[in-house]
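What follows is a single structure, written as structure tokens, with notes after it.
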Amino acid sequence: MRLPSRGPRTLKKPQIPSRVALLDALGRKEVSRVHAVREILHLLYTMADAITTRADDYSQWYIDIVRGAKLADYSPVRGCMIIRPNGYALWENMKAALDGMFKETGHENAYFPLFVPQSFLAREAEHVEGFAKECAVVTHSRLIDDGEGGLKPDPESEIGEPLVVRPTSETIIWNTYADWIQSWRDLPILINQWANVVRWEMRTRLFLRTMEFLWQEGHTAHATKQEAVEETLRMLDVYTTFAEDYMAMPVLRGVKTASERFPGAVDTYCIEALMQDGKALQAGTSHFLGQNFAKAFDCTFQNENNELEYVWATSWGVSTRLVGALIMTHSDDQGLVLPPRLAPTQVVIVPIHFNDEQRATVLEVARRIEQELADAGIRVELDASEAQRPGWKFNEYEVQGVPIRLAIGPRDVKNENVELARRDTREKEIVPQKGLTARITELLDRIQEGLYNRALQFRQERTTAVDSYDDFKAALDEPGGFVLAHWDGTAETEARIKEETKATIRCIPFTDQLRGLDEPGEDLLTGKPSEQRVVFARAY
RNA sequence: CGGGACGUAGCGCAGUCCGGUUAGCGCACCUGCUUUGGGAGCAGGAGGUCCCCGGUUCGAAUCCGGGCGUCCCGACCA
């Protein structure tokens, strides 16, 4: 049973069956029972107020979290979402951390156009094939009265060559790089852009799959293959560090198989995370593009030996999908759980008082603590609003995933204590005001580490190595998650396994992650030789 | 694209079968009082082109025709 949560929602909950449907199900003579059934359902739908549990319905739980924590709304545009301040603050914190790491590794930010001439997209054969089916295309520049009180594109205003709303920017960027690069002295070019992209998708899942999303895309140009490959792997390392140190989300690193590769890439590397429902989520990708785009856009340079060579390329990106990954890695049935390093608010203070006199003394202490924490660089918020009562606030901040909550009431003022509640374990304790800042600084670190360890343990419990197809199928259901198995390297086998089990090869992992399991073997299905195990999973 | 359901206040719904007071209920919202250590109580209040167009009728949320939109299942996609 799914129950609606508090507050306005545009989301349609499952609807109570109509009278007609119930009459069909129960029989035409059961009119009174039909009324009773609908009455009961109606009561259940309106009286209770909870986030759907993960065990009950995982995808509904996810939607309840996103909406309950006010991260995003559905929009009037099908397939698009509205990122609310809470969700955007998370993305901003991710951006800030990543942007710093990009700068540290020598990258600069720039901005390229939203619109890509249609002909650009057609230049690289695999690239077109990969993206052509999901492009939004602009063909007109003007609206006119349609004579029926509405508007329509002015047929007179049809623009010459249609413009594609960028699904990714390789083409327009390489068209530009071709102008910028003549000599080996112009290389490398290390550019990143923060942007939105549009991919015309059928299904929507907030943050995980929407038509428009926000991301960063790095595009680099190099003089040698080796340098480009090194860059590709360097950025994969940056993503790994970000995922593990900031998001507290362990990831597997590896390279994609040919069928999962980015259209136009020579090699696609990825980090893969495991969500709580046992499904894998690609959390970031880094592509070695070889000379494919350089050739498509005739981008050459003269090397030190006065020879003309094509430029070597990389591109790499992460998107607002990471917000979805964050949710599904840590959150519980009470709501969002955020790692302190990314939490927009790390500590919330809730004052409790029964009269004006108490209000004054409680707030005085609360403000002093707020100031001390802020001075220590902690993101702290004092909620002194009288619009809601303390109990309501407790719940609200729990749903929103604030890592630490402090409650201060008259009792605490008198005893020079505060009540400290941590979101990750839901433990509460009374602690002295003295030394509070140091305690909280240390606790935030411990929470960050604890979340990572919990997620890592979860992943380890759901990573299985198997050597037979029967075991493989069993492991996908129980315990689920990542299944390490041998594969003969052919697309045919990969496709057949996908067809039969819905599992795909998430990556061919770097072998340092396969401690003790890096022996060669034989393919599950065909028995043909395999150099190493690959990671299978059902995926988002 | 095929099959099914739905469209009434910000949200969730009742009322429609069988046409007839001023279209109701819960949540949310506004005002006041009492409250406040885990989603407060009471009282008062505001909020509606009943998806749109046309028809039948003395009278349409309700019946009829057409249109639009949304959701679910399948197909497709990842």
Side-chain angles (χ1 to χ4, degrees), chain A residues 2-25 28 31 34-35 37-51 59-60 67-68 73-74 76-79 130-134 148-150 199-205 208-211 256 259-260 262-263 279-282 321 334-335 350-356 358-359 362 383-400 405-415 417-421 426 428 430 498 502-504 506 537-540:
Chain A
R2 297 169 189 176
L3 303 169
S5 349
R6 178 173 296 271
R9 49 196 317 154
T10 53
L11 176 74
K12 292 275 184 186
K13 282 289 185 172
Q15 287 172 349
I16 294 174
S18 69
R19 281 166 311 282
V20 177
L22 279 173
L23 281 169
D24 285 348
R28 280 282 156 191
V31 175
V34 163
H35 278 284
V37 166
R38 300 192 83 228
E39 190 68 20
I40 291 163
L41 284 172
H42 185 240
L43 276 170
L44 281 170
Y45 273 51
T46 51
M47 65 186 244
D49 168 31
I51 292 168
S59 48
Q60 188 61 41
R67 298 180 56 77
D73 265 339
Y74 290 99
V77 186
R78 181 189 163 82
F131 285 107
K133 278 177 284 184
E134 47 186 29
E148 294 166 18
R199 295 176 186 176
W200 209 269
E201 301 276 3
M202 284 297 287
R203 280 191 184 161
T204 301
R205 246 193 266 246
L208 296 177
R209 168 166 283 128
T210 48
M211 257 171 53
K256 287 288 189 191
S259 61
E260 299 275 334
F262 176 77
K279 286 169 84 172
L281 183 82
Q282 177 175 298
R321 181 176 237 212
Q334 274 64 241
V350 177
I352 294 157
H353 41 76
F354 303 87
N355 55 48
D356 285 348
Q358 286 178 348
R359 179 178 142 81
V362 164
D383 185 352
S385 115
E386 311 232 14
Q388 303 294 353
R389 296 157 71 258
W392 190 93
K393 293 178 185 175
F394 290 177
N395 269 286
E396 184 70 3
Y397 293 111
E398 218 158 86
V399 173
Q400 293 188 17
R405 182 188 69 234
L406 301 178
I408 304 173
R411 253 192 341 251
D412 304 304
V413 171
K414 183 165 155 247
N415 301 329
N417 289 329
V418 301
E419 182 193 81
L420 186 158
R426 309 195 73 223
K428 283 200 292 200
I430 305 292
K498 180 179 177 182
K502 306 276 186 209
T504 51
R506 301 320 302 155
R538 297 194 176 115
Y540 277 97

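Each chain gets a letter, A, B and so on, in the order its sequence line appears, and its residues count up from 1. A quick note: this is a predicted structure, and the numbers were derived from the prediction, not measured.
Taking atom NE2 on A:His353 and atom C1' on B:rU35, their separation rounds to 12 Å, with Å as the unit. Atom NZ of A:Lys133 is separated from atom C1' of B:rA75 by 15 Å (rounded to the nearest Å). What separates OH of A:Tyr540 from P of B:rC77 is a distance of 21 Å, to the nearest Å. Here B:rU34 presents its C1' atom at 15 Å from CD of A:Glu386, a figure rounded to the nearest Å. Note: CZ (A:Phe131) to P (B:rA78) measures 11 Å, nearest angstrom. Rounded to whole Å, atom C1' of B:rA78 lies 9 Å from atom CD of A:Glu134. Atom CG in A:Asn355 sits roughly 17 Å away from atom P in B:rC33 (whole-Å rounding). Rounded to an integer number of Å, the gap from A:Gln358 CD to B:rU35 C1' is 13 Å.
As the counterpart of B:rC68, B:rG7 is assigned, both hydrogen-bonding distances of the Watson-Crick or G-U wobble pattern falling under 3.5 Å. Nucleotide B:rA75 has no partner under the Watson-Crick or G-U criteria, as no pair reaches both atom distances under 3.5 Å. Pairing for B:rG19 is absent, with no Watson-Crick or G-U wobble pair whose two atom distances lie under 3.5 Å. Pair check for B:rG48 finds none; no Watson-Crick or G-U wobble contact set falls under 3.5 Å. Checking B:rA61 for Watson-Crick or G-U wobble geometry (two distances, each under 3.5 Å) identifies no partner in any strand. Look at B:rC33: its Watson-Crick or wobble partner, with both distances under 3.5 angstrom, is B:rG41. Figure legend. B:rG24 is base-paired to B:rC13; pairs are counted as Watson-Crick or G-U wobble with both atom distances under 3.5 Å.
Contact annotation for A:Arg405: base contact, defined as any heavy-atom pair under 4.0 Å involving a base atom.
For the P atoms, the distance from B:rU34 to B:rU16 is 44 Å, rounded to whole Å. A gap of 44 Å separates the C1' atoms of B:rA78 and B:rC17, to the nearest Å. Here, B:rA14 and B:rA23 have their C1' atoms 11 Å apart, quoted to the whole Å. With C1' as the reference atom, B:rG54 and B:rC18 are 25 Å apart, rounded to whole Å. B:rG45 sits 30 Å from B:rG7 when the P atoms are compared, rounded to a whole Å. Nucleotides B:rG26 and B:rC63 place their C1' atoms 30 Å apart, quoted to the nearest Å. A gap of 16 Å separates the C1' atoms of B:rG48 and B:rC29, to the nearest Å. Going from the P atom of B:rG15 to that of B:rC51 covers 15 Å, rounded to whole Å.
Side chains of A:Val362 and A:Ile352 form no contact here, defined as non-hydrogen atoms less than 4.5 Å apart. Between A:Arg67 and A:Asp73, some side-chain heavy-atom pair lies under the 4.5 Å cut-off. A:Glu386 has its side chain within reach of A:His353: a pair of non-hydrogen atoms, C-beta onward, lies under 4.5 Å apart. A heavy-atom distance below 4.5 Å is not found between the side chains of A:Gln282 and A:Glu260.
Residues A:Lys502 and A:Arg426 both approach RNA chain B. Their nearest nucleotides, taken by heavy-atom distance, put A:Arg426 toward the 5′ side. Toward the 5' end of RNA chain B, the nearer of the two residues A:Asn395 and A:Lys498, judged by each one's closest nucleotide, is A:Asn395.
Between the CZ atom of A:Arg199 and the CZ atom of A:Arg209 there is a distance of 10.0 Å, given to the nearest 0.5 Å. A distance of 12.0 Å separates OG1 of A:Thr210 from CZ of A:Arg205, quoted to the nearest 0.5 Å. In this structure, CD on A:Glu398 lies 6.5 Å from CD on A:Gln334, to the nearest 0.5 angstrom. Remark: A:Arg506 CZ to A:Thr504 OG1 distance equals 4.0 Å, nearest 0.5 Å.
The side chain of A:Arg209 lies closest to B:rA78 when the candidates are B:rA78, B:rG37, B:rG38. Of the candidates B:rG37, B:rG39, B:rA78, B:rG37 carries the atom nearest the A:Glu419 side chain, counting heavy atoms from C-beta on. The side chain of A:Trp392 lies closest to B:rG39, out of B:rG39, B:rG38, B:rG37. With distances taken from any side-chain atom of A:Phe354 to the nucleotides B:rG38, B:rU36, B:rG39, the minimum falls on B:rU36. Looking at the side chain of A:Ala407, the nearest of the listed nucleotides B:rG38, B:rG37, B:rA78 is B:rG37. Of the candidate nucleotides B:rG39, B:rU36, B:rG38, B:rG39 has the atom lying nearest to any side-chain atom of A:Val399.
Taking only distance into account, the side chain of A:Gln388 never meets the base of B:rG39 through a donor-acceptor pair shorter than 3.5 Å. Side-chain N/O atoms of A:Lys428 and base N/O atoms of B:rG38 include a donor-acceptor pair closer than 3.5 Å.
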